[in-house]
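The structure under discussion appears below in the form of structure tokens.
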Amino acid sequence: MLVRTRFAPSPTGYLHIGGVRTALFNWLFARQHGGQFLLRVDDTDQERNVEAALAPILAGFRWLGLDWDEGPEVGGPYPPYYQSQRSAKYQAGVDQLLASGAAYRDFATTDEIQAEREAAQQSGQQFTYSRRRMATTDVEAAKFVAEGRQAVVRLMMPRAGELVINDLIRGQVVFPWAGEQDHVVQRADGTCLYHLASVVDDHDMQISHVIRAEEHLSNTPRQIFIAQQLGYPLPQYAHLPYVAEPGSKNKLSKRKLDKYLKNKDFAQLKEHGERVAQRMGWEVNSEVFNPVIVDFYEHIGFLPDAILNYLLLLGWSLDDKTEEFTREEMIRDFSLERVNKAPASFDPQKLMAFQDRAMQKLPLKQKVARVLPFLQTAGLVSTPPPCDTGPYLSQIVEAAGDRIKIGGDILDYTDFFVPDSELPYDEKTLDKRLRNAPGARELLSDFRERLATIENFDAATLEHVLKEFVDQRGIKISDLVHAVRVTVTGKPVGFGLFETMAILGRECCLSRIDIALAK
RNA sequence: GGCCCCUUCGUCUAGUGGUUAGGACACCGGCCUUUCACGCCGGCAACGCGGGUUCGAGCCCCGCAGGGGUCACCA
């Protein structure tokens, strides 16, 4: 069988991390089976600006490398891929449902329905619509119209028996038909609702596997009813557990940012991102700049592979130890059978661990390429970069080692890029290591003179010279190192001091020491 | 509330009747060390509860509890 899966985003303006996982599983399944993965825009309820609201979502997919075979911008054999443009197909479905008696025109007002619902609730009964305003003939319909009523189209749902769904993840799930409502499939204005549209589209587009989040499980009976009544063969269903909030089992949603920020790890991740954003001079809008949204990761320099790898393991595993997967391995090893049933909480720390691992595995050249755009955005390196930037940056990135976990972390080391006169100093550290440390100035001043005469200004020589220098004076390395560090970098922490100095060069180091001594 | 789903360390998970219940992240200790970040070594830590079935149950059955999803003329 040809495998065709789909992801159907609503044009909301952002791509949710939970949605990405659903999309990833669909994509992997299709790729594994040599099938197609498509994108279909669920904009039945959207007014305008669909393109604008869709752009960030498509951009997110592109960034992650989740390519779609059919859908917006790429087209395909079953266009259009926007639900708002497929109303004729839905109308045909509604007509067929009506003609076969699987649906009926209902003239009840929303108030009337609401009253019935409340009455049922009060008497402790399950609500079942009385179908009092159902019109099965044109004569009945005309009578209701004469009363000034308008019709919606409702499903004539079965009220006895049960439906057995064989879900690829959850196994057999049984629903009593009596629990289902006569759902509306078409509004009085002729527009159709999601369930009808979704079923019609999935059939038209030859979707073989509907892989979606668990919250759709209870929608499935009505969709199966529609499909059956329309004479469609049923797709296979697979309901994934949803992605839960950090430290809880509630579904992760974009709206509850404030609540998540009370979670230490989540807040830490957001702060990490904000630090990068601030250094690039961005106004941070927490609506958008938010670890629940994929853009966040792109903007601060996460690796798409790391995110995908993390998401893959959120609800799926191959065995008891394999954690790292390349794209090819993911495609090869993924299986719906091994998807978990229980919801999995989003763990920012573990995501970061995957990111760190992926980043450290990158060849130096690629790491440099990942980091450079952040320096350019921050205005520290021009675009295009001067030709000596490559070698210089390479030295820095190499010396930084695993301190750079995300691309934006390079902005923790701006001291390599600012002119000596503009180097900001951490005042507290300057106090501690230079101003208030007895004899520090003299020591530093002496060391400066020694530095001026070093023949090779490289890390090995610097280390040797400094050690010799402190030995001669009978002092500890730490008595001098900290003062030198704050002097040449402005900061209390950084990477290897000798590497740092070698990269900065003699002229720069001497100049910075002079500036600091004058403070 | 009805219906449906779920339940192994704090978190992600392995486990399909006999295991010292394994791994990863986090956490805690130690080592390394000029700071930071790594790295290395060690440690803490779980089968929701109650009944069955069985020689034997994390694995099978029943009940309970807890958590969650869903009950729209939203998607």
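Lettering of chains follows the sequences in order, A, B, ..., and the numbering in each one begins at 1.
- Atoms CZ (A/Phe346) and C1' (B/rU13) sit 17 Å apart, rounded to a whole Å.
- Residues A/Arg149 and A/Glu112 are paired through a salt bridge, judged by an N-O separation under 4.0 Å between the basic side chain and the carboxylate.
- A donor N or O paired with an acceptor N or O is not found under 3.5 Å between the base of B/rC5 and the side-chain atoms of A/Arg170.
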Can you pull every protein N or O that's under 3.5 Å from an N or O on nucleotides 39-48 of chain B?
none

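- Of the candidate nucleotides B/rC5, B/rU35, B/rC3, B/rC5 has the atom nearest to the side chain of A/Val173.
- Between the P atoms of B/rG39 and B/rA24, the separation comes to 12 Å (whole Å).
- Annotation: cation-pi geometry not satisfied between A/Arg332 and A/Phe334 (NZ/CZ under 6.0 angstrom from ring centroid, within 45° of ring axis).
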Report task. Take A/Lys491 and A/Asp426, measure what salt bridge (Lys or Arg N to Asp or Glu O under 4.0 Å) needs, and give me the verdict at the end. Result -> CA-CA 6 Å; A/Lys491 295 182 306 190; A/Asp426 183 298; over 6 Å; no
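- Applying the 6.0 Å contact sphere to NZ of A/Lys432 captures no more than 12 heavy atoms from other residues, nucleotides or ligands.
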Strictly under 3.5 Å: I want the nitrogen or oxygen pairs between protein and nucleotides 19-29 of chain B, one per line.
from	atom 1	to	atom 2	distance (Å)
B/rG22	N2	A/Asp320	O	3.3
B/rA24	O2'	A/Glu323	OE1	2.5
B/rA24	N3	A/Lys350	NZ	2.8
B/rA26	O3'	A/Gln349	NE2	3.3
B/rA26	O2'	A/Gln349	OE1	3.3

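- Using a 4.0 Å cut-off between charged side-chain N and carboxylate O, A/Glu116 and A/Arg133 make no salt bridge.
- Put simply, the side chain of A/Gln126 never gets that close to the backbone of A/Gln121: no donor and acceptor are under 3.5 Å apart.
- Ion pair A/Asp409/A/Arg403 not flagged as a salt bridge, since none of the NZ, NE, NH1 or NH2 atoms sits closer than 4.0 Å to an Asp/Glu carboxylate oxygen.
- Checked for salt-bridge contact, A/Arg275 and A/Asp412 meet the test: a charged N lies under 4.0 Å from a carboxylate O.
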Each nucleotide N or O in nucleotides 68-74 of chain B that has a protein N or O under 3.5 Å away: list the pair and distance.
from	atom 1	to	atom 2	distance (Å)
B/rG68	OP1	A/Asn250	OD1	2.8
B/rG68	O2'	A/Tyr242	OH	2.1
B/rU70	O4'	A/Ser218	OG	3.2
B/rU70	O2'	A/Ser218	OG	3.4
B/rA72	OP2	A/Arg117	NE	3.1
B/rA72	OP2	A/Arg117	NH2	3.2
B/rC74	OP2	A/Arg187	NE	3.0
B/rC74	OP2	A/Arg187	NH2	2.3
B/rC74	O2'	A/Asp45	OD2	3.0

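- Here A/Asn340 reaches the OP1 or OP2 of B/rA14: one of its side-chain N or O atoms lies under 4.0 Å away.
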